[in-house]
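For reference, the structure discussed in these notes is given below.
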Amino acid sequence: MGHLIEENDVSAVTLSVELERAVIAHMLDEDKSIYVTEDDFFPFWIKLNSSAGLIIFSSYTLFTHASSQLDRLDLCNSLNASQYMLTVYVRKEKMVFEHALNYRDGVLRENLIRSVRQFSSSILRGLSRFDPDHTIALLPGNEESPSTDHD
């Protein structure tokens, strides 16, 4: 039987302890967010929305300068349609990835850890499937030099 984290016990500190037990590298920030930095993971943040009873996973990457708005939207749509754990959208020059895990009445530790792993792997799997050469979206942490062709 799984270990239930009671609803009243869900906090950034509790989630951080569970990640530590699962040997998932992360940092607990002063603002009570958790930044997951595990090797071979697409890096992401975990934040709580206690009024809605949600654990929110979120990340982003930048688009290439050469990608069109239509390319960006098509990539987001492909990811939304195929990677069921992800909500993906365009925000200015960023591709944003999100997932919400409900913790009303508590959350099983195993489901939390599985969701953490699956969120990251869904991003990586989706990008490698739909943009394997990174012509639309860059890998996390990568930036292009500013475009110099301003005619």
Side-chain angles (χ1 to χ4, degrees), residues 1-64 67 69 71-144:
M1 184 163 159
H3 171 78
L4 181 70
I5 304 169
E6 298 287 339
E7 181 177 349
N8 291 339
D9 293 332
V10 174
S11 69
V13 172
T14 302
L15 298 181
S16 177
V17 168
E18 295 301 337
L19 292 174
E20 191 71 29
R21 285 184 183 150
V23 193
I24 296 175
H26 66 283
M27 296 180 293
L28 179 60
D29 294 331
E30 291 178 15
D31 67 355
K32 303 295 184 202
S33 67
I34 299 169
Y35 186 57
V36 178
T37 60
E38 182 66 28
D39 287 345
D40 299 325
F41 271 35
F42 196 100
F44 66 96
W45 291 266
I46 300 173
K47 296 181 181 181
L48 293 174
N49 181 329
S50 54
S51 62
L54 297 173
I55 300 168
I56 311 263
F57 304 150
S58 64
S59 193
Y60 72 90
T61 195
L62 300 174
F63 289 110
T64 63
S67 62
Q69 187 69 3
D71 291 336
R72 296 169 182 191
L73 294 171
D74 280 345
L75 179 56
C76 288
N77 193 45
S78 294
L79 291 168
N80 282 324
S82 68
Q83 302 299 311
Y84 299 106
M85 190 170 188
L86 299 178
T87 301
V88 187
Y89 57 92
V90 174
R91 182 188 299 147
K92 298 185 182 181
E93 297 300 312
K94 295 178 182 177
M95 173 183 259
V96 179
F97 308 93
E98 292 183 338
H99 175 70
L101 180 64
N102 188 311
Y103 70 85
R104 292 284 187 217
D105 299 323
V107 63
L108 288 173
R109 175 193 184 275
E110 294 79 4
N111 285 351
L112 170 69
I113 300 305
R114 188 175 302 113
S115 295
V116 164
R117 290 186 174 125
Q118 189 172 356
F119 178 72
S120 176
S121 67
S122 291
I123 296 170
L124 292 169
R125 188 172 42 255
L127 288 175
S128 69
R129 178 177 175 196
F130 295 106
D131 188 23
D133 298 325
H134 312 292
T135 58
I136 301 169
L138 299 169
L139 287 174
N142 290 340
E143 291 185 33
E144 290 182 309

So do the side chains of [X] and [Y] get within less than 4.5 Å of each other, counting heavy atoms only?
| X | Y | result |
| --- | --- | --- |
| H134 | L139 | yes |
| D71 | D131 | no |
| I5 | T14 | yes |
| L4 | V107 | no |
| L48 | Y103 | yes |
| E18 | H3 | yes |
| R117 | E38 | no |

(message) Using the side-chain contact (heavy atoms from CB on, under 4.5 Å) definition, which of the options L79, I136, V88 pairs with L127?
(response) L79
(message) Under the rule for side chain to side chain contact (heavy atoms under 4.5 Å, CB included), what residues qualify as partners of N111, not counting sequence neighbours?
(response) L108, R114
Which pair of heavy atoms, one from [X] and one from [Y], lies closest together, and at what distance?
| X | Y | value |
| --- | --- | --- |
| L75 | A137 | CD2-CB, 4.0 Å |
| F63 | E144 | O-OE1, 4.3 Å |
| R125 | S128 | O-OG, 3.0 Å |
| I34 | S16 | CD1-N, 3.7 Å |
| R129 | S82 | NH1-CB, 3.6 Å |

(message) Under 3.5 Å, is there a donor on one side chain and an acceptor on the other for N49 and S51?
(response) yes
To the nearest 0.5 Å, what is the distance between [atom1] on [X] and [atom2] on [Y]?
| X | Y | atom1 | atom2 | value |
| --- | --- | --- | --- | --- |
| Q83 | Q118 | CD | CD | 9.0 Å |
| L19 | I24 | CG | CD1 | 5.5 Å |
| F44 | H26 | CZ | NE2 | 11.0 Å |
| S121 | D40 | OG | CG | 11.5 Å |

(message) How about CD on Q69, more than 12 heavy atoms from neighbouring residues, nucleotides or ligands closer than 6.0 Å, or not?
(response) yes
Donor-acceptor check, side chain of [X] to backbone of [Y], threshold 3.5 angstrom: yes or no?
| X | Y | answer |
| --- | --- | --- |
| S67 | T64 | yes |
| S33 | D29 | no |
| E6 | G106 | no |
| D133 | T135 | no |
| H99 | M85 | yes |

(request) Identify, with sequence neighbours excluded, every residue that meets ring pair (Phe, Tyr, Trp, His ring centres under 6.0 Å) alongside F42. (result) F97
(message) Taking E93 first and then R72, would you say they form a salt bridge - that is, a charged N and a carboxylate O separated by under 4.0 Å?
(response) yes
Residues 54-62 side chain polar contacts: donor-acceptor under 3.5 Å, at least two apart:
| unit_1 | atom_1 | unit_2 | atom_2 | d |
| --- | --- | --- | --- | --- |
| S59 | OG | P43 | O | 2.5 |
| T61 | OG1 | L138 | O | 2.4 |

(request) Quick one: do M95 and Y89 satisfy side-chain contact (heavy atoms from CB on, under 4.5 Å)? Show the steps, please. (result) CA-CA 6 Å; M95 173 183 259; Y89 57 92; over 6 Å; no
